[in-house]
2 protein chains.
Amino acid sequence: MEFNYSEALTHLLSHVYRLYRHNVDLLIQEYGVYPGQPPLLMRLTEQDGQIQKELASKVHVQPATLNVMIGRMEKAGLVERRPDADNYRVSRVYLTEKGRLATSAVKSVLKEIEERCFARFSAEDKAVFRQLLQRMHDDLRQLKHENETLTMKGQGGEQTYDAKR
Amino acid sequence: MEFNYSEALTHLLSHVYRLYRHNVDLLIQEYGVYPGQPPLLMRLTEQDGQIQKELASKVHVQPATLNVMIGRMEKAGLVERRPDADNYRVSRVYLTEKGRLATSAVKSVLKEIEERCFARFSAEDKAVFRQLLQRMHDDLRQLKHENETLTMKGQGGEQTYDAKR
DNA sequence: TCCCTTCCATTAGCCGGCTAATCGAGATAA
DNA sequence: TTATCTCGATTAGCCGGCTAATGGAAGGGA
């Protein structure tokens with residue numbers, strides 16, 4: 001079927017992403033921050049005291065994933081959970097002073113890496129790159145939607161026998 | 001420090017990557033294949049019976065990670081470990097018949113998603129995209145190298161070994 | 001009032017990634 | 001020959017992602 005994965009653009013993209021993550025990790029670990037946490041920290045500096053569900057949605061992660069992550073960060077003293085006064089069902093997340101300091105350092109790191117990543121990109125290069133990524137994003141989102149509605153239909157009438165998973 | 005993470009290209013890139021992974025996962029799970037396994041399967045179809053260390057290097061993953069993954073895949077009947085006849089220290093990894101079938105299906109899926117990703121890319125778009133990604137890759141690799149040698153110096157030794165965490 | 005549903009948070013259990021530590025076979029030097 | 005070193009594989013333990021199941025508070029309807 002002549003598909004060479006090694007030469008696929010998605011393969012290159014994956015590789016670049018992993019390399020990016022690795023670099024971030026190398027530079028933030030000294031601040032006691034772990035590789036999945038920077039996006040969350042960024043959202044928290046934008047607005048403190050958000051509820052977990054909202055944060056999860058913003059970070060594009062499942063609420064369960066976020067909950068565990070916050071538990072770890074709370075143990076590390078970076079954030080703090082406080083129940084909402086009006087609604088005992090939700091808990092709001094706040095940055096501690098330590099968390100604020102760490103976030104500042106992490107932000108510098110992210111900025112530095114971003115600059116290095118695109119040091120040899122012209123302004124137009126960046127615009128083109130963004131546009132292409134956005135196009136890819138939109139089509140992937142569409143594909144995801146197609147597959148999910150398809151799966152839902154399959155679950156309605158009869159059971160799809162899935163021995164493995 | 002005027003750095004807006006939400007608008008950073010790396011942020012968009014991360015998002016696209018995750019979306020890609022998610023789509024792959026949706027379509028391969030029916031074949032009993034998990035999201036980290038496709039790259040390994042692709043390498044195995046290229047050449048059967050490689051040793052774990054070599055495979056790990058090709059998939060850009062630590063040997064320990066690969067070892068666990070192969071353990072799971074072996075349990076699932078996709079691959080088979082056989083010790084090398086000449087060197088009992090290494091174990092070679094082979095696709096089973098079931099693994100070959102699954103790989104074929106996975107390859108179709110990857111191809112289909114690749115096509116969807118870039119359906120609205122002209123040939124030139126793709127060439128430009130590849131070139132930009134490659135540039136990013138090279139600079140990230142350079143940055144990684146700088147940070148790792150830096151870390152080594154900080155640890156006092158001047159060994160040629162990799163910088164450990 | 002009581003039941004039932006809905007919603008957020010949490011827990012459990014899995015896979016994918018990592019590092020550090022250990023084991024066992026080869027290779028090498030004393 | 002023996003002691004040591006090297007190297008691949010493995011194991012243990014952690015973080016980051018997911019789904020499924022559980023729990024508890026709000027809210028709505030009979």
Side-chain angles (χ1 to χ4, degrees), chain A residues 14 17-26 28-29 32-40 50-57 59-76 78 81-93 148 151 155 162 164-165, chain B residues 14-15 17-26 28-29 32-40 50-57 59-76 78 81-93 148 151 159-165:
Chain A
S14 306
Y17 171 76
R18 300 247 301 273
L19 213 41
Y20 168 73
R21 264 293 276 236
H22 180 71
N23 271 283
V24 172
D25 188 27
L26 274 180
I28 65 175
Q29 59 186 42
V33 176
Y34 287 91
Q37 299 168 3
L40 175 57
Q50 299 179 72
I51 70 174
Q52 293 191 25
K53 182 187 167 77
E54 190 176 350
L55 280 170
S57 151
V59 180
H60 299 290
V61 128
Q62 296 301 311
T65 299
L66 190 85
N67 180 60
V68 174
M69 192 184 297
I70 285 179
R72 273 194 284 260
M73 292 169 78
E74 191 168 29
K75 205 176 297 177
L78 296 172
R81 265 188 272 229
R82 284 207 295 271
D84 188 296
D86 297 333
N87 190 340
Y88 278 94
R89 195 159 55 173
V90 309
S91 85
R92 300 192 171 273
V93 181
E148 282 174 350
T151 303
Q155 283 178 353
D162 203 349
K164 321 245 160 87
R165 294 171 72 166
Chain B
S14 305
H15 193 7
Y17 172 76
R18 300 248 300 273
L19 213 41
Y20 168 72
R21 268 285 278 238
H22 181 72
N23 271 284
V24 171
D25 188 28
L26 274 180
I28 64 174
Q29 59 185 35
V33 176
Y34 289 93
Q37 298 168 4
L40 175 57
Q50 300 179 72
I51 71 175
Q52 293 191 25
K53 181 186 168 80
E54 189 176 351
L55 281 171
S57 150
V59 180
H60 299 289
V61 127
Q62 296 302 311
T65 300
L66 189 85
N67 180 60
V68 174
M69 192 184 298
I70 285 179
R72 273 194 283 259
M73 292 169 79
E74 192 169 29
K75 205 177 295 177
L78 296 171
R81 266 189 271 229
R82 285 208 294 271
D84 188 296
D86 297 333
N87 189 341
Y88 277 95
R89 187 157 65 173
V90 309
S91 86
R92 300 192 169 273
V93 181
E148 282 174 349
T151 304
Q159 307 112 329
T160 339
Y161 303 124
D162 280 326
K164 311 282 163 142
R165 180 156 181 178

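In this text the structure is predicted, and so the values were computed from the model without any measurement. Below, chains carry the letters A, B, ... as their sequence lines are ordered, and counting in each starts from 1.
- Of the candidates C:dA9, D:dC18, D:dG16, the closest approach to any side-chain atom of A:Met69 belongs to D:dG16.
- A:Tyr88 places its OH atom 14 Å from the P atom of D:dG27, with the value rounded to the nearest Å.
- Put simply, A:Arg81 has a side-chain N or O that comes within less than 4.0 Å of OP1 or OP2 on C:dT10.
- For A:Val59 against A:Leu40, the heavy-atom pair with the smallest separation is CG2-CA, 4.0 Å.
- When rounded to the nearest whole Å, the span between OH of A:Tyr17 and C1' of C:dG16 equals 12 Å.
- Of all heavy-atom pairs spanning A:Leu78 and A:Gly32, the tightest one is CD1-O, 4.0 Å.
- Here the closest non-hydrogen pair linking A:Leu26 and A:Gln29 is O-CG, 3.6 Å.
- At D:dG16, none of the side-chain N or O atoms of A:Thr65 fall inside 4.0 Å of OP1 or OP2 (strictly under the cut-off).
- Whole-Å rounding puts the A:Arg89 CZ to C:dT10 P distance at 14 Å.
- Between the CD atom of A:Gln62 and the C1' atom of D:dG17 there is a distance of 9 Å, given to the nearest Å.
- With D:dT6, D:dG17, C:dT10 as the choices, the nucleotide that has an atom nearest any side-chain atom of A:Ala64 turns out to be C:dT10.
- Between B:Ile51 and A:Arg21, the residue anchored closer to the 5' end of DNA chain D is B:Ile51, taking for each the nucleotide with the nearest heavy atom.
- Phosphate contact (OP1/OP2 of D:dG16, side-chain N/O of A:Gln37, threshold under 4.0 Å): present.
- In terms of heavy atoms, B:Leu66 sits closest to B:Ala56 at CD2-N, 3.7 Å.
- Ranked by how close their nearest DNA chain C nucleotide is to the 5' end, A:Arg92 and B:Asn87 are led by A:Arg92.
- Taking the side chain of B:Val90 as heavy atoms from C-beta on, and the options C:dC18, C:dT11, D:dG8, the nearest nucleotide is D:dG8.
- A side-chain hydrogen bond (donor to acceptor under 3.5 Å, both in side chains) with B:Ser91 holds for exactly one of B:Gln52, B:Arg81, B:Arg82; it is B:Gln52.
- Within 4.0 Å of A:Arg72, counting heavy atoms only, lies at least one base atom of the nucleic acid.
- In this structure, B:His60 atom NE2 and C:dG16 atom P are separated by 18 Å, rounded to whole Å.
- Between A:Ile70 atom CD1 and C:dA9 atom P there is a gap of 8 Å when expressed in whole angstrom units.
- Taking 4.0 angstrom as the limit, A:Gln52 places a side-chain polar atom (N or O) nearer than this to OP1 or OP2 of C:dT10.
- Contact annotation: A:Asn67 side-chain N/O to C:dA9 OP1/OP2 distance is not under 4.0 Å.
- For the pair B:Leu40 CG and C:dG17 P, the computed distance is 10 Å after rounding to whole Å.
- D:dA9 atom P lies 11 Å from atom CD of B:Gln50, rounded to whole Å.
- Among the nucleotides D:dT10, D:dC18, C:dG16, the one closest to any side-chain atom of B:Pro35 is C:dG16.
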